Protein chains: 2
Amino acid sequence: MERGDISQAVISRLPRYHRFLSELKDQGIERISSADLSRLMHVTASQIRQDLNNFGGFGQQGYGYNVDYLHEEIGHILGLDKRHNLIIVGAGNLGQALANYVNFDRRGFHTKGLFDSDPHMQGVMVRNMPVRPMSELEDFIKEYSIDIAVLTIPKDAAVEVADRLIRCGIQGIWNFAHIDLDVPENVRVENVHLSDSLMKLSYNLRDLEG
Amino acid sequence: MERGDISQAVISRLPRYHRFLSELKDQGIERISSADLSRLMHVTASQIRQDLNNFGGFGQQGYGYNVDYLHEEIGHILGLDKRHNLIIVGAGNLGQALANYVNFDRRGFHTKGLFDSDPHMQGVMVRNMPVRPMSELEDFIKEYSIDIAVLTIPKDAAVEVADRLIRCGIQGIWNFAHIDLDVPENVRVENVHLSDSLMKLSYNLRDLEG
DNA sequence: ATCACTTTGTGAAAATTTTCTCAATCATAT
DNA sequence: ATATGATTGAGAAAATTTTCACAAAGTGAT
């Protein structure tokens with residue numbers, strides 16, 4: 001199972017496979033062929049097989065794929081069997097929404113703390129966690145072995161906070177701020193630019209309106 | 001300026017160009033060459049020029065691109081000069097976060113109403129708007145000429161609500177539910193699958209951990 | 001055990017996307 | 001006015017991604 005040479009396009013599709021396989025599992029379906037999955041997901045069967053074969057042969061001729069097994073394997077590829085400790089920086093609505101999102105825990109992403117620079121937010125309880133002041137950031141990261149930080153703060157603050165996080169060795173940043181963060185090679189950033197997404201919708205709406 | 005034959009890969013990059021041009025505008029920079037922009041954005045100058053030339057020649061030899069003009073043109077391509085009326089279905093933390101996000105208004109996306117099925121949420125004020133019961137959905141859409149619905153509800157509810165929305169002629173759905181919605185051809189869906197994004201981060205973290 | 005059928009994995013072809021290259025054009029300084 | 005230098009737009013080449021096609025391998029019924 002080679003890694004590093006696999007395109008981000010393939011990686012981007014893996015969570016979707018994982019999601020559909022979860023659904024199939026929930027429905028008690030034990031096996032599925034690439035052809036059936038392709039009809040379900042509206043992608044070609046070829047692409048499914050090609051994508052999966054980047055990581056190994058998970059299927060069986062004449063049978064198809066075992067749903068449970070494939071679900072688990074993709075989870076493994078995505079690293080969902082690893083445990084991650086998160087903090088959320090920015091305890092506004094978005095930060096609180098993410099803190100309350102139970103499914104992340106199930107996938108091994110455990111939120112350990114929330115931070116906010118607003119003095120009025122200090123001590124407010126969110127999902128049994130007190131909102132902490134930014135001054136405690138560095139110590140907390142060390143004490144709780146935090147490896148991922150979620151940034152739900154305005155862009156200027158995000159740049160500053162990212163610097164602090166990087167200096168104390170954070171590995172991953174899940175960035176919701178409206179800016180692309182420049183980070184060293186040994187830090188991974190995943191951006192969620194909600195505005196970009198809305199603009200894409202806007203573009204695709206244009207030809208409906210004449 | 002042909003449309004419809006432009007790949008989604010190109011479309012996906014336009015909001016990012018738009019964002020960087022906004023930054024340049026804010027910094028008072030009047031002109032930029034594709035080479036300078038490429039250094040800033042970490043993409044090739046070729047790609048920038050090729051992307052833009054899908055829609056027309058916005059630059060000038062020996063000069064580069066006028067920041068203001070290009071910003072406006074991309075905004076136009078993305079349809080940001082059109083007005084859209086939104087409703088948000090699901091007034092939890094995420095729905096409230098989006099309702100309070102001021103920048104959407106600036107881009108022509110005006111939130112007109114919030115809906116929630118929880119009786120305890122009825123009448124709660126979010127950004128000067130009362131949370132409404134789901135029973136009022138259809139009438140409200142007609143009365144306020146709503147063209148986009150934002151779904152910040154669980155997946156089972158999302159499927160049901162999407163059906164209702166489609167029946168009363170919604171044009172766009174911005175879907176935050178953890179499921180791919182099947183919609184007719186004349187409806188545009190833009191999915192924001194936060195879990196997928198987190199899984200991508202998870203994958204990219206793997207090779208940092210040995 | 002055999003046979004007809006299904007379905008994967010994979011090499012090759014096709015399609016698409018990205019990068020390269022450079023003539024044409026414009027800016028700017030003198 | 002002219003010359004020098006900068007930079008685009010676009011055609012061609014290269015690289016990448018997706019799809020095709022089919023041999024090989026397994027299923028399941030008889």
Side-chain angles (χ1 to χ4, degrees), chain A residues 1-17 20-21 24 29-74 77 200 203-204, chain B residues 1-17 20-21 24 29-74 77 200 203-204:
Chain A
M1 191 201 290
E2 280 309 319
R3 325 190 94 250
D5 53 351
I6 291 164
S7 78
Q8 286 292 312
V10 174
I11 309 306
S12 298
R13 285 193 293 265
L14 293 181
R16 189 155 180 263
Y17 294 137
F20 275 84
L21 289 164
L24 290 170
I29 293 166
E30 280 181 5
R31 60 185 264 193
I32 192 155
S33 67
S34 58
D36 286 347
L37 191 55
S38 91
R39 270 184 290 274
L40 205 61
M41 296 186 64
H42 304 296
V43 296
T44 65
S46 238
Q47 180 163 73
I48 294 172
R49 295 205 300 275
Q50 199 80 298
D51 281 351
L52 297 177
N53 283 122
N54 280 299
F55 303 98
F58 303 126
Q60 209 162 29
Q61 279 105 328
Y63 177 88
Y65 297 86
N66 178 285
V67 171
D68 260 23
Y69 173 66
L70 186 56
H71 181 258
E72 199 161 343
E73 282 297 317
I74 294 178
I77 293 165
K200 237 168 93 188
Y203 176 90
N204 289 129
Chain B
M1 193 202 289
E2 280 309 316
R3 327 190 92 250
D5 54 349
I6 289 164
S7 77
Q8 286 292 313
V10 173
I11 311 305
S12 298
R13 285 192 292 265
L14 293 181
R16 189 155 181 264
Y17 294 138
F20 274 85
L21 288 164
L24 290 170
I29 292 166
E30 279 180 8
R31 61 185 263 193
I32 191 154
S33 68
S34 58
D36 285 347
L37 191 55
S38 92
R39 270 183 290 274
L40 205 59
M41 296 185 64
H42 303 297
V43 296
T44 65
S46 240
Q47 181 162 72
I48 294 171
R49 295 205 299 275
Q50 199 80 302
D51 281 350
L52 297 177
N53 283 4
N54 280 300
F55 302 97
F58 303 126
Q60 210 161 29
Q61 281 104 327
Y63 177 88
Y65 297 86
N66 179 285
V67 171
D68 260 22
Y69 173 66
L70 187 56
H71 182 257
E72 199 160 343
E73 282 297 317
I74 294 177
I77 293 165
K200 237 168 91 190
Y203 176 90
N204 289 128

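What you see is a predicted model; the values in this text were computed from it and never measured. A, B, ... follow the sequence lines: proteins, then strands. Residue 1 opens every chain.
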(request) Check B/P15 against B/S12 and note the closest heavy-atom contact, atom names and distance. (result) CD-O, 3.4 Å
(request) Identify, with sequence neighbours excluded, every residue that meets salt bridge (Lys or Arg N to Asp or Glu O under 4.0 Å) alongside B/D36. (result) B/R39
(request) Identify, with sequence neighbours excluded, every residue that meets salt bridge (Lys or Arg N to Asp or Glu O under 4.0 Å) alongside A/R16. (result) B/D180
(message) It should be established whether B/S33 places a side-chain nitrogen or oxygen under 4.0 Å from OP1 or OP2 of nucleotide D/dA6.
(response) no
(request) Indicate whether OP1 or OP2 belonging to D/dG9 is found under 4.0 Å from a side-chain N or O atom of B/Y65. (result) yes
(message) Using 0.5 Å steps for rounding, measure from the CG atom of A/L14 to the CG atom of A/N54.
(response) 8.5 Å
(message) Just verifying a value: how many Å separate A/I74 CD1 and A/L52 CG, rounded to the nearest 0.5 Å?
(response) 5.5 Å
(request) Could you list the residues that satisfy side chain to side chain donor-acceptor pair (under 3.5 Å) with A/D51, not counting sequence neighbours? (result) A/R13, A/Y17
(message) Could you work out, with side chain to side chain donor-acceptor pair (under 3.5 Å) as the rule, every residue matching B/S34, not counting sequence neighbours?
(response) B/R49
Grab the [atom1]-[atom2] distance between [X] and [N] for me, whole Å please.
| X | N | atom1 | atom2 | result |
| --- | --- | --- | --- | --- |
| B/I11 | C/dT17 | CD1 | P | 11 Å |
| A/Q8 | D/dT16 | CD | C1' | 14 Å |
| A/N66 | C/dT8 | CG | P | 13 Å |
| B/N53 | C/dT17 | CG | P | 16 Å |
| B/Q50 | D/dG9 | CD | P | 11 Å |
| B/D51 | D/dA10 | CG | C1' | 14 Å |
| A/L52 | C/dT7 | CG | C1' | 14 Å |
| A/D5 | D/dA15 | CG | C1' | 15 Å |

(request) Check side chain to side chain contact (heavy atoms under 4.5 Å, CB included) between A/T44 and all other residues, then give those that pass, not counting sequence neighbours. (result) A/S46, A/Q47
(request) Could you list the residues that satisfy side chain to side chain contact (heavy atoms under 4.5 Å, CB included) with B/S7, not counting sequence neighbours? (result) B/A9, B/V10
Just distance, no hydrogens or angles: give the donor-acceptor pairs under 3.5 Å from side chains in residues 55-64 of chain A, sequence neighbours left out.
none

(request) Mind listing the residues from residues 34-47 of chain A sitting with a heavy atom below 4.0 Å of DNA chain D? Number order is fine. (result) A/T44, A/S46, A/Q47
(message) So if I take the C1' atoms of five pairs at each end of the helix from C/dA1-D/dT30 to C/dT30-D/dA1 and get each local axis, what angle do the two axes make, rounded to 10 degrees?
(response) 30°
(message) Test: salt bridge (charged side-chain N to carboxylate O under 4.0 Å, His left out). Region: residues 53-72 of chain A. Which pairs qualify, not counting sequence neighbours?
(response) none
(message) So if I define the base as every atom that isn't primed, P, OP1 or OP2, how would nucleotides 22-30 of chain C read as a B/S/- string at a heavy-atom cutoff under 4.0 Å?
(response) --BBBSS--
